[in-house]
There are 2 protein chains.
Amino acid sequence: METIPRKFSANAYLRDCASRTVLDAIANRWTCLLVDALRDGPIRFGVLRRRLDGITQKSLTQTLRNLERDGVVIRTVYPTIPPRVEYSLSELGGSVVSLMEGIKHWSEEHVTEILAARETYDLRAAQEPRPVPVQPAG
Amino acid sequence: METIPRKFSANAYLRDCASRTVLDAIANRWTCLLVDALRDGPIRFGVLRRRLDGITQKSLTQTLRNLERDGVVIRTVYPTIPPRVEYSLSELGGSVVSLMEGIKHWSEEHVTEILAARETYDLRAAQEPRPVPVQPAG
DNA sequence: CAGCATCCAATTGGATACTG
DNA sequence: CAGTATCCAATTGGATGCTG
């Protein structure tokens, strides 16, 4: 009787589990917006740059490179002058689109509620008595 | 005839839209793991600390404070000695659990595939001809 | 136990200049 | 157009010590 091969079980709670690096790769602002922007098909570098308002060329390049390296994004270079480079999602990338889109959507849906919560919190914090310093000034 | 009040439409693509700050708040490693860890009910600070392997006390405190401020997390202090503090999800927090869990799960499911992609990429990169320096050494 | 305060190293991010 | 390279400011993150 054979032992059933136990499947490797990743656990992102563990600091040394490689899935933690994957979590880091996708759970950040630019990856979320970038993957969402790629959902409707190939898109050029310059268009992406303008769409992800506030991203620098450096950050965009790095985010794209990392996702390409991870097999999430496909980079296609057309040997024209001037150069034309298009980015699209791989099948793997397609499998994470709904999650990224979901996060973006959630942020937009709940922003008003959250801004209100922040205001309330800050107001209460301002009203609370300050902790007495160990060495009072003066 | 009244004008229909046009609903404010948030857009996280825009750098100055407040929803961008919400995106930043939830799209990061610790928030993802933290919210996921809170899904099964109230949990103490020390337990969280041990569960989110590798997090420092400082980072955990800050992540919890920010989410509390945003109305995602509820902090309950029991006036005992020693102090006992429990964290749980608000209703708002509950509405984002499935997304956070989804990201964690996706990371764990695709880690092998992604590690392979990285290896392939790095191998190809090592084989590619180096760009000729403008001022060749020697 | 659940923090806060502080110091410091390391990583990130922006601005700028240049290239095939 | 789509990058690379570099310099530098700013933010982050870890380690440590202390407290109600």
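Numbers restart at 1 for each chain; the letters A, B, ... are given by sequence-line order, proteins then strands. Predicted model only: the values in this text are computed from it and were never measured.
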Using the rule given for side chain to side chain contact (heavy atoms under 4.5 Å, CB included), can you reason through B/Gln62 versus B/Arg65, listing the C-alpha separation, both sets of side-chain angles and the distance that settles it, and then say yes or no? CA-CA 5 Å; B/Gln62 244 183 341; B/Arg65 281 288 177 286; 5.6 Å; no

Find which nucleotide of DNA chain C each of B/Pro83 and A/Ser59 is nearest to by heavy atoms, and output the residue with the more 5' nucleotide. B/Pro83

CD of A/Gln62 versus C1' of C/dG14: gap in Å, rounded? 13 Å

note: B/Ile43, atom CD1; C/dC1, atom P; distance rounded to Å ~ 15 Å

Check the distance between D/dG14's C1' and B/Arg29's CZ and give it to me in whole angstrom. 12 Å

Specify the separation, in whole Å, of atom CG of B/Asn66 and atom C1' of D/dT12. 13 Å

Take atom CD in B/Glu119; do more than 12 heavy atoms of anything else shown fall under 6.0 Å from it? no

The side chain of A/Phe45 lies closest to which of these nucleotides: C/dG13, C/dG3, D/dA2? D/dA2

Phosphate OP1/OP2 of C/dG3 contacted by B/Arg75 side-chain N/O (<4.0 Å): yes

Whole angstrom value for the distance that separates C1' of D/dG14 from CG of B/Asp53: 15 Å

Please pick, from C/dC1, C/dC7, C/dG13, the nucleotide with the shortest atom-to-atom distance to any side-chain atom of B/Lys58. C/dC7

Can you check the A/Ile55 CD1 to D/dG3 C1' distance for me, whole Å? 14 Å

Do B/Cys32 and A/Leu23 have side chains that get closer than 4.5 Å, going by heavy atoms? yes

When the distance from CD of B/Gln57 to P of D/dC18 is rounded to whole Å, what number comes out? 15 Å

State whether A/Thr56 places a side-chain N or O below 4.0 Å from either non-bridging phosphate oxygen (OP1 or OP2) of C/dG13. no

Within the 4.0 Å heavy-atom criterion, would you say B/Tyr87 contacts the bases, only the backbone, or no part of the nucleic acid? sugar-phosphate

From CG of A/Leu64 over to P of D/dC1, roughly how many Å is that when rounded to an integer? 16 Å

Does the side chain of B/Thr61 pick up a donor-acceptor pair with the side chain of B/Arg49 at under 3.5 Å? no

Are B/Thr61 and C/dA2 close enough that a side-chain N or O sits under 4.0 Å from OP1 or OP2? no

Under 3.5 Å, is there a donor-acceptor pair linking the side chains of B/Ser59 and B/Trp30? no

Is there a side-chain contact between A/Arg65 and the phosphate of D/dT4, meaning an N or O under 4.0 Å from OP1 or OP2? yes

Between B/Arg44 and C/dA2, does any side-chain N or O lie under 4.0 Å from OP1 or OP2? yes

